[in-house]
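Keep in mind it's a predicted model, so treat the numbers as computed, not measured. Counting starts at 1 for both ligands and their atoms, in listed order.
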Amino acid sequence: MAMAVFKAPLKGEFHGARKMEGKQYKHHLLQQQSTGRRRVFVQTDTGCVLGVELDRNDNVHTVKKRLQIAFNFPTEESSLTFGDMVLKNDLSAVRNDSPLLLKRNLMHRSSSTPCLSPTGNDLQRKDRSGPIEILSHSPCFLSLKQTANDIVKAMKMGVEPIPVNGGLGGAYYFRDEKGQSVAIVKPTDEEPFAPNNPKGFVGKALGQPGLKPSVRVGETGFREVAAYLLDYDHFANVPPTALVKITHSVFNVNDGMDGNKSREKKKLVSSKIASFQKFVPHDFDASDHGTSSFPVASVHRIGILDIRILNTDRHGGNLLVKKLDDGGVGRFGQVELIPIDHGLCLPETLEDPYFEWIHWPQASIPFSEEELDYIQSLDPVKDCEMLRRELPMIREACLRVLVLCTVFLKEAAVFGLCLAEIGEMMTREFRAGEEEPSELEMLCIEAKRLTTEQDVLSPKSDGEGETEFQFDIDYNELDSVYGSETETDEFFAKNPFSNGRSSLGELKESIAEEEEDDEEEAKLTLSLSKLSTSMKNNLSNTMGSGYLKPPKDNQTDKALVSHKSANVQLPLSVNFVKLADMKEVEWVVFLERFQELLYSAFAERKTMTLRNTQRLGTSCKF
Ligand SMILES: Nc1ncnc2c1ncn2[C@@H]1O[C@H](COP(=O)(O)OP(=O)(O)OP(=O)(O)O)[C@@H](O)[C@H]1O
């Protein structure tokens, strides 16, 4: 049953348009390589942004020196990071237009540290970039370039952006000369809990675990862009989205990490890294009205995207609805669906997704031939290559989630499962107040167990020079964010956001932790034993009883306490299985084992659906 998903080439028909424009892009890359000149955008962990021109001779040291002058703070006590990578000295991996993060070490930051914006106008003078700079020369963003030009023209005429009232994060409608909204801009440092959030949800530095523990503060913007880039041929209708460096006085800058005081009165100009999405005129969203008028194809296409990117936030408000005709008095005619807000997709670990469409009748209708062709044309390896190229800051952990979910989708579609069935297999259930792993997670747990039994995991194959993923970096990051071991313990004791381990990576192991692991193990075994009979039967039939062995990486991210700041109450979130802690060789074996387990899991799911349909009677068929 396992398909050769990694060998399947991309089919031209779905990706043709972007391929055509690729030549121009390649030319740009070659030019850049030959001169060694690059421009990067350095963002401090409190949100301030500066464009910096690099030449061939630059290294981390020389760049930090320049930043020290510009930002007016000692940069030797800080680290420069680029996605997963902490840059030591060499800058050759850094690509043109990349955003870099300058993080101060903990001892130099306190919650009262003001956001770095020492002399806004000075900074602007040193930074020669324009008011809106798209952080890519890729042809994928050509239409947005025009939108950006229209906005700049309008700004010169005095047309001001309008802050968006709803939502937890800072967002702004930018307008054209006619005063019409043409783009929605969401600065990364105004996300929920980020230092410059305008709605009082503050308290964390960029790079720390955010609203969802598996999505770091300041990293929702590139996810929005990833969703657009992965939506080949606008199959799901994601509005064009780019990462930009944008400068305007409308943006919010707080006085301190924990402060709600913005410097609104001063109205200083500030530069931000932000997601920049085409504004799509619409009539309402999917939470406002009944869903029966939604076209089956639109629901399927959006569902296919949500599955690939493990969207944890597809609620009704994130599906805009545009009426295409007037269906007569009191009736809706044709509508178009526009999926927005993909900031919480591609988490760093497997999470509980949220698929609003899961119980819509459209999701139970089999995929069409065209949809099946599209799914089969997907190539997760090429997707990763493309994302690494376009969004070099993307974390390997996110890419693994993308690969796993795409493999799952492809295999499930070949087997004949419908959208609802696939979504259900990915979704966790709550039983007796406890969250249980989804069927997908159970399969991963088992695949991981089988992987560890392989020869490749013997010490000699512990690959030298293997890629180290962000979990390794996390230890350092957490040390620098939360301090030394003692400080860390104290932090976690005070901060129920964590259960004493990083939500994104384990901290040092200790004897106490092993004891805790035993307890967790017992708890999880109990939890797993309560799993749906489908999974249990299925797994025990195909794998023997060993499958109940619980994972070692169970983590709970607990609620935060005080009002609004990062100490707001957040729901519990459990991490049943990590993907990024596997070395490359283990990951490949894991994927093989995973695919081998799928057939019987799908068969069992199909049997369950049939049983339920028979029990409910034909009237429940859509
Ligand atoms: N591309 C778009 N075109 C038109 N309107 C949009 C677009 N994107 C967002 N909006 C509008 O802006 C509102 C806020 O956007 P969005 O939900 O993406 O922001 P958010 O800050 O992430 O919100 P939340 O905290 O609810 O997740 C949406 O409810 C929608 O009305």
* Asked: What protein heavy atom sits nearest atom 30 (C) of ligand 1, and how far away is it?
  -> Ile340 CD1, 4.0 Å
* Sub-3.5 Å N/O-N/O distance, Val280 and ligand 1 -> yes
* Asked: Under the 3.5 angstrom rule, does the side chain of Lys199 hit a backbone N or O of Gly169 as a donor-acceptor pair?
  -> yes
* To do: For Tyr173, take its heavy atoms, then give the atoms of ligand 1 lying under 4.0 Å from any of them.
  => 11 (C), 12 (O), 31 (O)
* Centroid-to-centroid, His300 to Phe367, below 6.0 Å? -> yes
* Side-chain heavy atoms of Asn196 within contact of Glu190, under 4.5 Å -> yes
* Asked: What do we get for Leu320 next to ligand 1 when only non-hydrogen atoms under 4.0 Å count, side chain, backbone, both or neither?
  -> side chain
* Lys186: heavy atom below 4.0 Å from ligand 1, yes or no? -> yes
* To do: Starting from atom 26 (O) of ligand 1, locate the nearest protein heavy atom and write down its residue, its atom name and how far away it is, to 0.1 Å.
  => Gly167 CA, 3.6 Å
* Asked: Would the His248 and Tyr172 ring centres measure less than 6.0 Å apart?
  -> no
* Asked: Of all heavy-atom pairs between Leu135 and Pro99, which one has the smallest distance, and what is that distance?
  -> CD1-CG, 4.1 Å
* To do: Looking only at protein heavy atoms, identify the closest one to atom 14 (C) of ligand 1 and say how far it is in Å.
  => Val164 CG1, 4.1 Å
* **Under 3.5 Å: N/O of His315 near N/O of ligand 1** => no
* Asked: Hey, are Thr220 and Glu191 close enough side-chain-wise for a donor-acceptor pair under 3.5 Å?
  -> yes
* To do: Report the nearest protein non-hydrogen atom to atom 21 (O) of ligand 1: residue, atom name, distance rounded to 0.1 Å.
  => Gly169 N, 3.7 Å
* Expected output: side-chain Tyr228 to main-chain Phe141 donor-acceptor under 3.5 Å -> no
* Report the part of Tyr172 in contact with ligand 1, treating N, CA, C, O as backbone and CB onward as side chain, heavy atoms under 4.0 Å; options are side chain, backbone, both, neither. => neither
* Decide, yes or no, whether a salt bridge links Arg308 with Asp383 under the criterion of side-chain N to carboxylate O below 4.0 Å. => yes
* Nearest non-hydrogen protein atom, atom 29 (O) of ligand 1 -> Gly317 O, 4.5 Å
* So which heavy atom in the protein is nearest atom 17 (O) of ligand 1, and how far is it from that ligand atom? -> Asp341 OD2, 3.2 Å
* To do: Indicate the ring-plane relationship of His289 and Phe284, choosing parallel, tilted or perpendicular according to the 30° and 60° boundaries.
  => tilted
* Asked: In terms of atom number and element, which parts of ligand 1 are under 4.0 angstrom from non-hydrogen atoms of Asn318?
  -> 17 (O)
* Side chains of Thr427 and Glu424, donor plus acceptor under 3.5 Å -> no
* Should the proximity of Asp285 to ligand 1, defined as any heavy atom under 4.0 Å, be assigned to the side chain, the backbone, both, or neither? -> neither
* Asked: Counting both backbone and side chain atoms, is some N or O of Leu168 under 3.5 Å from an N or O of ligand 1?
  -> yes
* From the options Leu344, Asp313, Thr220, Ile184, select the one whose nearest heavy atom is closest to atom 15 (O) of ligand 1. => Ile184
